[in-house]
Amino acid sequence: MADKSKTDPARMEKIVSLCKRRGFIYQSGELYGGLNGCWDYGPLGVELKRNLKEYWWRRNVQERDDIVGLDGAILTMPQVLVASGHVGGFADPMVDCKTCKGRFKADALGTFQCKEKPSVCPGQSEKCQLTEPRQFNLMFETKVGASADEDDAGATAYLRPETAQSIFVQFRNVVDSSRVKLPFGIAQVGKSFRNEINPRNFTFRSREFEQMEIEYFCRPEDGLRLTDEWLEARLRFYEEVGIPRARLHVLDVPDGERAFYSKKTYDIEYEFPFGLQELEGVAYRTDYDLGVHQQHAGKPLEYFDEETKEKLLPHVVEPSAGCDRTVLAMICEAYDEEEVPDAKGQMETRVVLRFAPRMAPVKAGIFPLVRKSAGQVEMCREIQRVLQPWMTVFYDEGGAVGRRYRRQDEIGTPFCITADFDSIGENGPELKGTVTVRHRDSMEQDRLPVAELLPWLLERIR
RNA sequence: GCGGGUGUAGCUCAGUGGUAGAGCGCCACCUUGCCAAGGUGGAUGUCGUGAGUUCGAAUCUCAUCACCCGCUCCA
């Protein structure tokens, strides 16, 4: 498929439709009309997302000895988010002008010159139709503690707007309990919540979303170098989950556009059908976070370096990936339509999700060539029994085998195993005990002894 | 949040005031000896939701919810 079609907006509609039809992603609360900005993962979607999260965890935590994990609470004390700057700092009251369609800070009315219609600029014309000032704090707030008394509303808590803060707040405990030494990282995968003004683009901007973050602590002099190293590591990761480097763009966020605490930020962007959008930010956050928590909590968060006998506040590099966004990118990247000849030689469209095998929700379809063959069915059931502890497989005997192949193509199953008459020795002893393995992308087949199936597959899905 | 568009079967859609439809898909059986073959039968809808107008509303009006596009926003 030509690259250009991957940014075709009509492509997105087909992908959304496929996601619902095959059980990847549904609108949340659809039965009751739907909840804006929220999505549910169906049977195949949850497998895909788990594959991504588990691979990320394996690569970044389990296969490294310098990164440990954390799973922080979602409910967060106000003090934490006051210190981080999330409470209060980003909540300027804003007004909209219905005449010129502009949005302005409420305390700056009369100081703007409207770009569209200077003569009817807010605060400068009787024609201005201004909305009431509104707060734009994007955090969800709730109350902790059960109470039927409305006057006693309990203590305020926030749903965390990012996973990062629980890592900084638990920094001391992790250092004290896990024998980590600089440089080291703390990794977390989990839900975060932002009350976005305008959720858009399917799951891309949701109000409830999952992040995969590492806070990598280091000596101050190593921060910039490690930021570059993490950028490369993260680009390799995307390649490993099926998003080629050529489809990713790296934005070196210029001065003035970075968050105020960041000395260096790279955005990793993917060419979605709806445009170039961020998948991950790799940000050098200096010692800002540990600094503010040390100050607000009034407790030292310094690290004692045994080698240099020096006490220091570590700097941090943060590769922060959007999990749902990456899942969406994997689906967009995998989606393909191909013209292939059918049994009668007529050209028809084959829809195929070309997932990296390690990400595919189902690893192998298992089919008897003919359902009526008891020997083939029995052989397939045995193969299913052997493979199932190791991977997701799907047994299917409905309809013709060609249809079953196409069904698996559409959900991205990389391999289909078929037991035929040769497999059960009906055409002679040579091929008895072998099956065909059909490849999703090429539609070509290999023939393998049943005993070799498990290692053959494991090698290709790891 | 502003402006525009769209909501009818799982999906794609037809249906402009008078009994709720098609294609594909799905399920069962038959057929099927490797790429969405064919046959027979079957299930599925408070027409997004709620009000209003009307003898009668999928259809007209209003409100509301959701999705899409363009702005806006994105610590």
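Residue numbers start from 1 in every chain, and the chains themselves are labelled A, B, ... in the order their sequence lines are given, proteins ahead of strands. Values below: every heavy atom of this structure, side chains too, minus hydrogens, waters and symmetry copies.
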Determine whether any donor atom in the side chain of [X] lies under 3.5 Å from an acceptor atom in the base of [N], or the reverse, and answer yes or no.
X: A/Arg200; N: B/G70; answer: yes
X: A/Asn198; N: B/C73; answer: no
X: A/Gln445; N: B/C34; answer: yes
X: A/Arg438; N: B/C35; answer: yes
X: A/Thr436; N: B/C34; answer: yes
X: A/Tyr405; N: B/C34; answer: yes

If you check every side-chain atom of [X], which of [options] has the closest atom?
X: A/Arg194; options: B/A37, B/G33, B/C74; answer: B/C74
X: A/Glu196; options: B/U32, B/C74, B/G33; answer: B/C74
X: A/Thr418; options: B/U32, B/C34, B/A75; answer: B/C34

Starting from [atom2] on [N], measure out to [atom1] on [X] and report it in whole angstrom.
X: A/Glu337; N: B/U12; atom1: CD; atom2: P; value: 14 Å
X: A/Arg440; N: B/C34; atom1: CZ; atom2: P; value: 24 Å
X: A/Glu397; N: B/U31; atom1: CD; atom2: P; value: 14 Å
X: A/Arg406; N: B/A37; atom1: CZ; atom2: P; value: 9 Å
X: A/Glu13; N: B/C69; atom1: CD; atom2: C1'; value: 10 Å

Just call it for [X]: base, sugar-phosphate, or nothing, with non-hydrogen atoms closer than 4.0 Å on any strand.
X: A/Gln408; result: nothing
X: A/Gly37; result: sugar-phosphate
X: A/Phe202; result: sugar-phosphate
X: A/Arg404; result: nothing
X: A/Asp422; result: nothing
X: A/Asn201; result: sugar-phosphate
X: A/Asn36; result: sugar-phosphate

In terms of side-chain geometry, is the basic nitrogen of [X] or [Y] positioned less than 4.0 Å from the acidic oxygen of its partner?
X: A/Arg447; Y: A/Asp420; value: yes
X: A/Arg350; Y: A/Asp336; value: no
X: A/Asp446; Y: A/Arg438; value: no
X: A/Arg194; Y: A/Glu208; value: no

Gap in Å between the two [atom1] atoms, one belonging to [N] and one to [M], rounded:
N: B/U46; M: B/G39; atom1: P; value: 30 Å
N: B/C69; M: B/C29; atom1: P; value: 43 Å
N: B/C62; M: B/U54; atom1: C1'; value: 16 Å
N: B/C73; M: B/C2; atom1: C1'; value: 12 Å
N: B/A22; M: B/C60; atom1: P; value: 23 Å
N: B/A28; M: B/A9; atom1: P; value: 24 Å
N: B/A58; M: B/U49; atom1: C1'; value: 14 Å
N: B/G17; M: B/U31; atom1: C1'; value: 48 Å

For [N], does OP1 or OP2 lie under 4.0 Å from any side-chain N or O of [X]?
X: A/Arg403; N: B/C26; answer: yes
X: A/Lys372; N: B/C30; answer: yes
X: A/Lys20; N: B/G10; answer: no
X: A/Arg371; N: B/C29; answer: yes

Partner lookup for [N], please. Criteria are Watson-Crick or G-U wobble with both distances under 3.5 angstrom; report none if nothing qualifies.
N: B/G21; value: B/C13
N: B/U61; value: B/A51
N: B/A28; value: B/U40
N: B/C73; value: none
N: B/C67; value: B/G5
N: B/C34; value: none

message: Between A/Arg21 and A/Pro341, which residue's closest nucleotide on RNA chain B lies nearer the 5′ terminus?
response: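 The residue mapped nearer the 5' terminus is A/Arg21.
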message: On RNA chain B, compare the nucleotides closest to A/Ser17 and A/Trp39; which residue's is nearer the 5' end?
response: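 Its nearest nucleotide lies further toward 5', so the answer is A/Ser17.
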- prompt: Hey, does the Lys NZ or Arg CZ of A/Arg160 hover above the aromatic six-ring of A/Tyr158, less than 6.0 Å from the centre and inside 45° of the axis?
  reply: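 No cation-pi geometry.
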field: Geometric cation-pi criterion A/Arg460 and A/Trp456, 6.0 Å radius, 45° cone
entry: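 That pair qualifies as a cation-pi contact.
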query: Has A/Phe260 got its ring stacked on B/A75, by the test of a centre gap below 5.5 Å and a plane angle below 30°?
result: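 A/Phe260 vs B/A75: stacking no.
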- request: Measure the spacing between CD of A/Gln188 and OG of A/Ser192 and express it to the nearest 0.5 Å.
  value: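 If we round to the nearest 0.5 Å, A/Gln188:CD and A/Ser192:OG are 7.5 Å apart.
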message: salt bridge (charged side-chain N to carboxylate O under 4.0 Å, His left out), that's the test. Do A/Glu410 and A/Arg22 meet it? Break it down for me.
response: CA-CA 8 Å; A/Glu410 210 180 33; A/Arg22 303 314 302 261; 2.5 Å; yes
message: Working note: A/Phe367 + A/Tyr405, criterion ring pair (Phe, Tyr, Trp, His ring centres under 6.0 Å); need CA distance, chi angles, decisive distance, verdict.
response: CA-CA 9 Å; A/Phe367 313 142; A/Tyr405 286 144; 5.7 Å; yes
